S.K.: 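My structure is below; once you've seen it, I'll send some questions.
Keep in mind the model is a prediction, meaning the values are calculated, not measured.
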Amino acid sequence: MYAYIDGKLVFKCATYVIIEAGGVGFHINISINTYSKLPVGEHCKLFVWQHIKEDAHTLYGFIDESEKRLFLHLISVSGIGPGTGRMILSSITPDEIQQAIVKGDVPLIQRIKGIGPKSAQRMILELQDKLKKEGVDTLTSMPKYNTVKEEAISALIMLGFVKNVAEKAVDNVLKRETNSLSVEQLIKLSLKSL
């Protein structure tokens, strides 16, 4: 429901912040990673995810979009809820988490409070292929689209195609077409060749 909340930072501690936006104070749970990167001063912008349960509506905040994407990957794993996802992001940096999953580093993941050997193995099993397919740095760095080609490749990857297959399809279309194409046209033509 919410993408981000931008407003006055009224209160902050290691586990949550209160941001006033539009006359409403939002209680947002955060990780230690986000806490350490919060700007000094009154103004604050956090990317948020809302968790809705029968008895509570809880907001989780992230300093940048990449941390939020990693959190969503983590909670997609069976047995890992938002609280554990926040604990993971508080224990080690998002870069270290991503590298540990890609490399299958069970001992590093097990050191996180609340993660046992089975949970660590499940996390690697369920996320390793996703993170490898997306590319090592796509999660922890925001994509920057400099060209129509790069944006089209990124869109194809988000649709589920492997990076090298998407690149090959886009390159083939660009070789065939002499006119300049919009991103949408390039994606549609590439999809036809996949």
Side-chain angles (χ1 to χ4, degrees), residues 1-5 12-18 26-38 44 46-144 153-167:
M1 182 174 170
Y2 303 107
Y4 64 85
I5 295 178
K12 82 172 184 177
C13 68
T15 56
Y16 72 93
V17 294
I18 297 175
F26 293 93
H27 180 283
I28 305 169
N29 294 302
I30 58 171
S31 67
I32 297 295
N33 179 62
T34 294
Y35 176 77
S36 67
K37 295 180 180 175
L38 278 173
C44 183
L46 288 179
F47 294 88
V48 294
W49 178 77
Q50 184 177 23
H51 183 230
I52 299 174
K53 295 190 305 186
E54 213 174 276
D55 59 343
H57 290 233
T58 310
L59 289 174
Y60 291 88
F62 311 94
I63 196 68
D64 53 37
E65 187 67 36
S66 61
E67 185 186 16
K68 179 181 175 182
R69 286 196 312 269
L70 180 57
F71 174 81
L72 294 175
H73 273 295
L74 292 171
I75 65 171
S76 73
V77 175
S78 174
I80 296 180
T84 306
R86 183 173 70 153
M87 178 64 70
I88 293 168
L89 290 170
S90 294
S91 300
I92 57 178
T93 68
D95 286 333
E96 290 171 329
I97 296 165
Q98 184 178 350
Q99 290 298 323
I101 292 169
V102 169
K103 291 178 181 172
D105 190 347
V106 175
L108 177 63
I109 297 171
Q110 263 185 262
R111 280 190 264 160
I112 299 167
K113 185 178 186 275
I115 302 292
K118 287 183 180 177
S119 295
Q121 290 168 349
R122 190 179 315 114
M123 192 186 308
I124 291 168
L125 183 70
E126 292 185 28
L127 295 180
Q128 192 174 45
D129 288 341
K130 287 180 188 176
L131 297 182
K132 280 182 181 175
K133 185 168 83 171
E134 290 177 2
V136 177
D137 296 324
T138 56
L139 207 58
T140 54
S141 62
M142 283 297 289
K144 293 180 174 60
I153 290 169
S154 179
L156 291 171
I157 291 169
M158 284 185 219
L159 289 172
F161 295 98
V162 180
K163 186 176 182 181
N164 59 354
V165 172
E167 287 173 345

S.K.: Donor-acceptor check, side chain of S90 to backbone of S31, threshold 3.5 angstrom: yes or no?
M.R.: no
S.K.: Check whether any side-chain heavy atom of H51 sits under 4.5 Å from a side-chain heavy atom of N29, and report yes or no.
M.R.: no
S.K.: Report the distance from atom CE of M87 to atom CD1 of I92, rounding to the nearest 0.5 Å.
M.R.: 12.5 Å
S.K.: If every non-hydrogen atom of M123 is compared with every non-hydrogen atom of I88, which pair is closest and at what distance?
M.R.: CE-CD1, 3.7 Å
S.K.: Below 4.5 Å, heavy atoms only, C-beta onward: do S76 and K130 meet side chain to side chain?
M.R.: yes
S.K.: How many angstroms lie between CD1 in I5 and CD1 in I28, if you round to the nearest 0.5 Å?
M.R.: 4.0 Å
S.K.: What residues form a side chain to side chain contact (heavy atoms under 4.5 Å, CB included) with T15, not counting sequence neighbours?
M.R.: C13, R86
S.K.: Side chains of P82 and F71: does their closest heavy-atom pair fall under 4.5 Å?
M.R.: yes
S.K.: Please determine whether side-chain contact (heavy atoms from CB on, under 4.5 Å) holds for the pair L38 and I30, giving the CA-CA distance in whole Å, both sets of side-chain angles, and the decisive distance to 0.1 Å.
M.R.: CA-CA 10 Å; L38 278 173; I30 58 171; 4.1 Å; yes
S.K.: Of all residues at least two apart in sequence or in a different chain, which pass the side chain to side chain donor-acceptor pair (under 3.5 Å) check with T93?
M.R.: E96
S.K.: Measuring only between side-chain heavy atoms, which start at C-beta, is T34 closer than 4.5 Å to V17?
M.R.: no
S.K.: Roughly how far, to the nearest 0.5 Å, is OH of Y4 from NZ of K68?
M.R.: 11.5 Å
S.K.: Find the distance between CD1 (I32) and NZ (K37) and round it off to the nearest 0.5 Å.
M.R.: 13.0 Å
S.K.: Rounded to the nearest 0.5 Å, what's the gap from CD on Q99 to CG on L131? Could you check?
M.R.: 9.5 Å
S.K.: What's the separation between atom CD1 in I157 and atom CG in N164, rounded to the nearest 0.5 Å?
M.R.: 9.0 Å
S.K.: Donor-acceptor pair, distance only, cut-off 3.5 Å: does the side chain of R122 make one with the backbone of S78?
M.R.: yes
S.K.: Please list all pairs passing the side-chain hydrogen bond (donor to acceptor under 3.5 Å, both in side chains) test where one or both residues lie in residues 53-63, with sequence neighbours left out.
M.R.: Q50-H57
S.K.: Does the side chain of F26 come within less than 4.5 Å of L46's, by heavy atoms?
M.R.: no
S.K.: State which residues pass ring-ring contact (aromatic ring centres under 6.0 Å, His included) with Y16; sequence neighbours excluded, sorted by chain then number.
M.R.: F11, H27
S.K.: Residues in side chain to side chain contact (heavy atoms under 4.5 Å, CB included) with L156, at least two apart?
M.R.: L159, F161, A166, V170, I187, S190, L191, L194
S.K.: Given F62, which of N33, V48, L89 fulfils the side-chain contact (heavy atoms from CB on, under 4.5 Å) condition?
M.R.: L89
S.K.: Anything under 3.5 Å between a donor and an acceptor, one on a side chain of residues 100-121, the other on a protein residue two or more places apart or in another chain? List them.
M.R.:
unit_1	atom_1	unit_2	atom_2	d
D105	OD1	L108	N	3.2

